Amino acid sequence: MDRPAPLLHKPYALAVAPDGRRLFAADGGDHVLAAVDTATRQVTARVTLPGPARGLALSPDGARIYAPIADTDQLAVVDAGGLGLLGLVATGDEPAAVAVSPDGRRAYVPNRLDATLSVIDTATNTVTATVPVGARPTGAAVTPDGRTVYVTNNAAKSVSVVDTATAAVTRTIAVPDSPAEISITADGRLAQVASDQSHLAWIDLPTGTVTSRPAPYPVTGLAYATAAPYAPTAVLDVGVQDMTVTAGGGWSAQGWFSTRCPTSSTSATAPPR
């Protein structure tokens, strides 16, 4: 970037529109959700939320934005076009994140303080199921086929595997330290779990096999690359304290930590060394 976007007081969560033309940023201090034009890097619209958003997710068509509000135990539903608040859905105690199904029909919200996952019908904006998971669930990701939700349980040091058809936990996978963020590859075969206690874990989803490696600092976020030059290699953008490490094709730009691993689980049973 040749100049920074004039964002917000305390940006906390980001999401990019499917067409890449807009970036949505949630402010953790002013309780504002803003839209940024990615071409001009200017804020084009804002909407005030009931509290700070702990995450953002867009519907697959980019029409709606979902934002969990931990202070009010609600999921905010926002029109992405005009950035207007469409509604508030009551969740469990302290919603921590949100993941949307590939068909856009369901939103999944892990609730940290009551150890549950809220399943929300996005057509009616109502909770259709509440699934007990592990202690202090913090993150969630849906497989590309929409059949499974993986929930990171921060205090339980585990990942709950939830069948979306039955809204029930079918398996619990132990992982190192305190899992927080989770991301799943496009082929649905590998999950990357970031720990806020300085670990990265890879889960082979068909088998549940876990491999891990220590990180030099707590890992606060991650994402997989989906385009050249790094795809189909998984490239993780790892938030480490006050810096972001982007690694691809080997070592990070800082030269001290590689986060490169293959997207195919057949070649990712062991992370890079």
Side-chain angles (χ1 to χ4, degrees), residues 5 7 11-27 32-50 53-69 74-91 95-110 117-129 139-151 162 164-165 167 181-188 191 221-228 231-232 237 263:
L7 288 174
Y12 186 88
L14 302 173
V16 180
D19 62 8
R21 295 181 179 179
R22 289 183 299 167
L23 169 72
F24 300 100
D27 190 297
V32 169
L33 174 63
V36 178
D37 186 304
T38 57
T40 65
R41 300 168 189 168
Q42 300 295 314
V43 174
T44 59
R46 298 172 186 255
V47 62
T48 300
L49 301 175
R54 296 305 181 193
L56 293 176
L58 274 77
S59 58
D61 61 4
R64 291 187 176 188
I65 308 167
Y66 299 95
I69 312 296
Q74 294 172 312
L75 179 71
V77 184
V78 178
D79 171 50
L83 222 60
L85 185 63
L86 297 176
L88 297 167
V89 184
T91 62
V98 59
V100 180
S101 63
D103 62 8
R105 295 181 179 180
R106 297 287 185 272
Y108 300 94
V109 179
L117 178 73
S118 296
V119 182
I120 297 170
D121 184 320
T122 58
T124 61
N125 286 338
T126 57
V127 175
T128 59
V142 188
T143 53
D145 61 10
R147 295 180 179 179
T148 311
V149 181
Y150 289 83
V151 181
V162 180
T164 59
E181 299 291 330
I182 182 169
S183 182
I184 297 175
T185 54
D187 62 8
L222 55 87
Y224 277 103
T226 57
D237 293 332
T263 58

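These numbers were taken from a predicted model, which means no experiment stands behind them. Because only heavy atoms are used, hydrogens play no part in the values below, and waters and symmetry mates are left out as well, while side chains stay in.
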Spacing of [X] atom [atom1] and [Y] atom [atom2] [to the nearest 0.5 Å]:
X      : Y      : atom1 : atom2 : result
Leu75  : Ile69  : CG    : CD1   : 8.0 Å
Tyr66  : Thr122 : OH    : OG1   : 4.5 Å
Asp61  : Asp103 : CG    : CG    : 11.0 Å
Gln42  : Asp37  : CD    : CG    : 8.5 Å
Leu117 : Thr91  : CG    : OG1   : 10.5 Å
Ile182 : Tyr150 : CD1   : OH    : 8.0 Å

What heavy-atom pair brings [X] and [Y] nearest, and what distance separates the two atoms?
X      : Y      : result
Ala17  : Leu58  : CA-CD2, 3.7 Å
Val109 : Pro95  : CG1-CB, 3.4 Å
Ala26  : Ala53  : CB-CB, 3.7 Å
Ala63  : Asp79  : O-OD1, 3.7 Å
Arg46  : Val32  : CB-CG1, 3.9 Å
Ala140 : Val149 : CB-CG1, 4.3 Å

Give a yes or no on whether the backbone of [Y] and the side-chain of [X] come within a donor-acceptor separation of less than 3.5 Å.
X      : Y      : answer
Ser101 : Gly146 : no
Thr148 : Thr143 : no
Arg22  : Ala80  : yes

(request) Show your reasoning for whether side chain to side chain contact (heavy atoms under 4.5 Å, CB included) applies to Val89 and Val127. (result) CA-CA 8 Å; Val89 184; Val127 175; 4.1 Å; yes
(message) Out of the candidates Leu85, Thr48, Asp27, Leu56, only one should pair with Leu33 under the side chain to side chain contact (heavy atoms under 4.5 Å, CB included) rule; please name it.
(response) Leu56
(request) May I have the step-by-step check of side chain to side chain contact (heavy atoms under 4.5 Å, CB included) for Tyr108 and Val119, ending in yes or no? (result) CA-CA 5 Å; Tyr108 300 94; Val119 182; 3.7 Å; yes
(message) Between the side chains of Asp121 and Arg106, is the shortest nitrogen-to-carboxylate-oxygen separation below 4.0 Å, so that they form an ion pair?
(response) yes
(request) Show your reasoning for whether side chain to side chain contact (heavy atoms under 4.5 Å, CB included) applies to Leu83 and Thr44. (result) CA-CA 10 Å; Leu83 222 60; Thr44 59; over 6 Å; no
